[in-house]
Colleague: 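Have a look at this one.
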Amino acid sequence: MIKAFVVGHPIKHSRSPLIHGYWLKRYGIDGSYERIDVAPVDLDEFLVALWPLGFVGGNVTIPHKEAVFEFLDNNKTERAQRVGAVNTLWYEDEGIELWGDNTDGLGFIANLNQNLGTGWDQYVENVLVIGAGGAARGIVASLQDHPLKRILVANRTISKAEELVRDLERYGRVTLEALAWDDLDNALARSQLIVNTTSLGMAGQPPLLLDLEKVPDDAIVSDIVYVPLRTPLLAAAEARGLRTVDGLGMLLHQAVPGFERWFGVRPEVTPELRALIVADIEGPS
Ligand SMILES: NC(=O)c1ccc[n+]([C@@H]2O[C@H](COP(=O)([O-])OP(=O)(O)OC[C@H]3O[C@@H](n4cnc5c(N)ncnc54)[C@H](OP(=O)(O)O)[C@@H]3O)[C@@H](O)[C@H]2O)c1
């Protein structure tokens, strides 16, 4: 049996076992994918024991993504190097070398591609990314590989947006600019793609309130928050007649590269898988 895991602290709310469990069943693979709760103080010991415990790899989630990045020294993809965090682990050379990747941005782009078609970047020049946390880093790093003109990064704490821009601007040709929170409304009128990467709009959090009146009619509004699926921002964008992309697809697509590495099959993000996770999000908790 092939064994993989997701490690975090806490971990009981992770939906990754549902996603990988669905694919294991769909492809008839003799494998397992388990949740493992490891406190930060025990993380290094856990990572060293992975291969002896029989694991071929796994996912890493909050709060361990940056610590695993540090643990791996040079064994990281260029994507992970740019982001400074790792969410996917696997072994090379039969347990000799543990490697790490960051697939959040890839999941974000694959979700846009699935919802809008792969040519969306032909008519998007300016992107407004709201938030400058871990998810924003992955998303900006992936957007940099597209033929865009400018990515504005607005954050409540402007110094974090400035740091993100400083870290990432050396990669690619897209201009990156940090933006003060108070300048958000002006930037909306100039943006063809608007992405919320903050936790605003998440169940239990205040909504992200934007004045969408000045947003171009052909703009796309994307929210990476997926609980609830239809966030107040997406509802407002729909009411304004804008195209919207919700955050669940990013979660599903970011899981694809890991499953392929561990279990040898490139899995498909199907409507059935999406429905399974929607039922879990909307069902009794
Ligand atoms: N769909 C997916 O697959 C996926 C993947 C990863 C994350 N997510 C979601 O994305 C969100 C962010 O995750 P993360 O890992 O990037 O978290 P993070 O590193 O903690 O960053 C949180 C971000 O939210 C901002 N923020 C928090 N409270 C705010 C408030 N009251 N007003 C304005 N800004 C506020 C923070 O701004 P400051 O810097 O000013 O604190 C920061 O930019 C979470 O809701 C997470 O569930 C979704």
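Just so you know, ligand 1 is whichever comes first in the structure, and atom 1 is the first atom listed for that ligand.
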Colleague: Nearest non-hydrogen atom to atom 12 (C) of ligand 1 belongs to which of Val227, Asn155, Thr197?
Modeller: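 Closest candidate by heavy-atom distance is Thr197.
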Colleague: If you measure every N/O of Gly131 against every N/O of ligand 1, is any gap under 3.5 Å?
Modeller: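 No: no nitrogen or oxygen of Gly131 is under 3.5 Å from one in ligand 1.
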Colleague: Could you identify the single nearest non-hydrogen protein atom to atom 6 (C) of ligand 1 and state the distance to 0.1 Å?
Modeller: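 It is Ala135 CB, 3.8 Å.
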Colleague: Would you mind checking which non-hydrogen protein atom is closest to atom 32 (N) of ligand 1, with the distance to 0.1 Å?
Modeller: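 Closest protein heavy atom to atom 32 (N) of ligand 1: Leu200 CD1, 3.5 Å.
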Colleague: Looking only at the side chains, is there a donor atom on one of Asn59 and Asn87 sitting less than 3.5 Å from an acceptor on the other?
Modeller: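 Asn59 vs Asn87: no donor-acceptor pair found between side chains.
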Colleague: Nearest protein heavy atom to atom 19 (O) of ligand 1: under 4.0 Å?
Modeller: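 Yes.
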Colleague: Charged N to carboxylate O below 4.0 Å: is that the case for Arg274 and Asp246?
Modeller: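 Yes.
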Colleague: Among the heavy atoms of Gln254, does any lie under 4.0 Å from an atom of ligand 1?
Modeller: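 It does not; every heavy atom stays at 4.0 Å or beyond.
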Colleague: Look at the side chain of Arg137 and the backbone N and O of Ala132, then say whether any donor-acceptor pair between them is shorter than 3.5 Å.
Modeller: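 Absent.
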Colleague: Between Asp145 and Arg173, is there a salt bridge with N-O shorter than 4.0 Å?
Modeller: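 Looking at Asp145 together with Arg173, the answer is no, because their closest N to O distance does not fall below 4.0 Å.
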Colleague: Between Tyr226 and ligand 1, which part of the residue brings a heavy atom under 4.0 Å of the ligand: side chain, backbone, both or neither?
Modeller: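 It is the side chain that touches ligand 1; the backbone stays farther off.
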Colleague: Give me the residue, atom name and distance of the protein heavy atom closest to atom 5 (C) of ligand 1.
Modeller: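 Checking every protein heavy atom, the shortest distance to atom 5 (C) of ligand 1 gives Met250 CE, 3.6 Å.
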Colleague: Of the choices Glu163, Arg156, Met202, which has the non-hydrogen atom that lies closest to atom 29 (C) of ligand 1?
Modeller: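 Looking at heavy atoms only, Arg156 sits closest to atom 29 (C) of ligand 1.
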Colleague: Does the protein put a heavy atom under 4.0 Å from atom 45 (O) of ligand 1?
Modeller: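 Looking at atom 45 (O) of ligand 1, one finds that a protein heavy atom does lie closer than 4.0 Å.
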Colleague: Say whether Tyr22 and Glu272, considering side chains only, have a donor N or O and an acceptor N or O under 3.5 Å apart.
Modeller: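 Result is yes, a qualifying pair exists.
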Colleague: Salt bridge or not between Arg230 and Glu238? Use side-chain N to carboxylate O under 4.0 Å.
Modeller: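 Counted as a salt bridge, because a side-chain N and a carboxylate O are separated by less than 4.0 Å.
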Colleague: Among all the protein's non-hydrogen atoms, which is closest to atom 40 (O) of ligand 1, and how far away is it?
Modeller: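 So the nearest neighbour among protein heavy atoms is Thr157 OG1, 2.5 Å.
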Colleague: So, 4.0 Å and heavy atoms of Gly107: is ligand 1 close enough to count as a contact?
Modeller: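 No heavy atom of Gly107 comes that close to ligand 1.
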Colleague: Does any N or O atom in Ile224 lie less than 3.5 angstrom from one in ligand 1, N or O only?
Modeller: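 Yes.
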Colleague: Taking heavy atoms and a distance under 4.0 Å, where does Ser199 meet ligand 1: side chain, backbone, both or neither?
Modeller: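 The part of Ser199 near ligand 1 is both the backbone and the side chain.
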Colleague: Does ligand 1 come near enough to Gly134 that some N or O of the ligand is less than 3.5 Å from an N or O of the residue?
Modeller: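 Looking only at distances, the answer is yes, because the N/O contact criterion of under 3.5 Å is met.
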Colleague: Numbering the atoms of ligand 1 from 1, which are under 4.0 Å from a heavy atom of Gly133?
Modeller: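 Selected atoms, number and element: 16 (O), 19 (O), 21 (O), 43 (O).
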Colleague: Any N or O of Leu248 that comes nearer than 3.5 Å to an N or O of ligand 1?
Modeller: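 No; the residue has no nitrogen or oxygen that sits under 3.5 Å from a nitrogen or oxygen of the ligand.
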Colleague: Considering only heavy atoms, does Lys160 approach ligand 1 within less than 4.0 Å through its side chain, its backbone, both, or neither?
Modeller: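 Side chain only; the backbone of Lys160 stays clear of ligand 1.
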Colleague: Does the side chain of Asn196 pick up a donor-acceptor pair with the side chain of Thr198 at under 3.5 Å?
Modeller: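 Yes - a donor-acceptor pair under 3.5 Å links their side chains.
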Colleague: Is Gln144 reaching over with its side chain to a backbone N or O of Tyr171, donor-acceptor style, under 3.5 angstrom?
Modeller: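 Such a contact is found between Gln144 side chain and Tyr171 backbone.
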Colleague: Under 4.0 Å from atom 48 (C) of ligand 1, can you find at least one protein heavy atom?
Modeller: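 Within 4.0 Å of atom 48 (C) of ligand 1, protein heavy atoms are found.
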Colleague: Is Lys12 salt-bridged to Asp37, going by a charged N under 4.0 Å from an acidic O?
Modeller: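 No.
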Colleague: Sorted by first residue and then second, give each ring pair (Phe, Tyr, Trp, His ring centres under 6.0 Å) pair with at least one member in residues 121-150; sequence neighbours left out.
Modeller: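 Listed by first then second residue: Trp120-His146.
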Colleague: Quick check: does Leu251 get an N/O under 3.5 Å from an N/O on ligand 1?
Modeller: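 Leu251 vs ligand 1: N/O contact under 3.5 Å present.
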Colleague: If you measure from the Lys or Arg side-chain nitrogens to the Asp or Glu carboxylate oxygens, is any gap between Glu162 and Arg166 under 4.0 Å?
Modeller: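 The answer is no: the pair does not qualify as a salt bridge.
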Colleague: Aromatic contact between Tyr33 and Phe55, with the criterion being ring centroids under 6.0 Å apart: yes or no?
Modeller: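 No, they do not, as the ring centres are separated by 6.0 Å or more.
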Colleague: Testing the 3.5 Å rule here: is there a donor-acceptor pair between the side chains of Asp101 and Thr88?
Modeller: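 No.
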Colleague: Which residue and atom name correspond to the protein heavy atom nearest atom 25 (C) of ligand 1, and how close is it?
Modeller: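 The closest one turns out to be Thr198 CB, 3.7 Å.
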Colleague: Any nitrogen or oxygen of Asp104 lying under 3.5 Å from a nitrogen or oxygen in ligand 1? Just yes or no.
Modeller: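 No, there is no polar N/O contact under 3.5 Å.
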Colleague: Are there protein heavy-atom neighbours of atom 22 (C) of ligand 1 below 4.0 Å?
Modeller: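 Under the 4.0 Å cut-off, atom 22 (C) of ligand 1 has no protein heavy-atom neighbours at all.
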Colleague: I'd like to know whether CG of Asp93 has more than 12 heavy-atom contacts from other residues, nucleotides or ligands below 6.0 angstrom.
Modeller: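 Check passes, neighbour count above 12.
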Colleague: Under 3.5 Å, N or O to N or O, is Val225 touching ligand 1 that way?
Modeller: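 No; every N/O pair is 3.5 Å or more apart.
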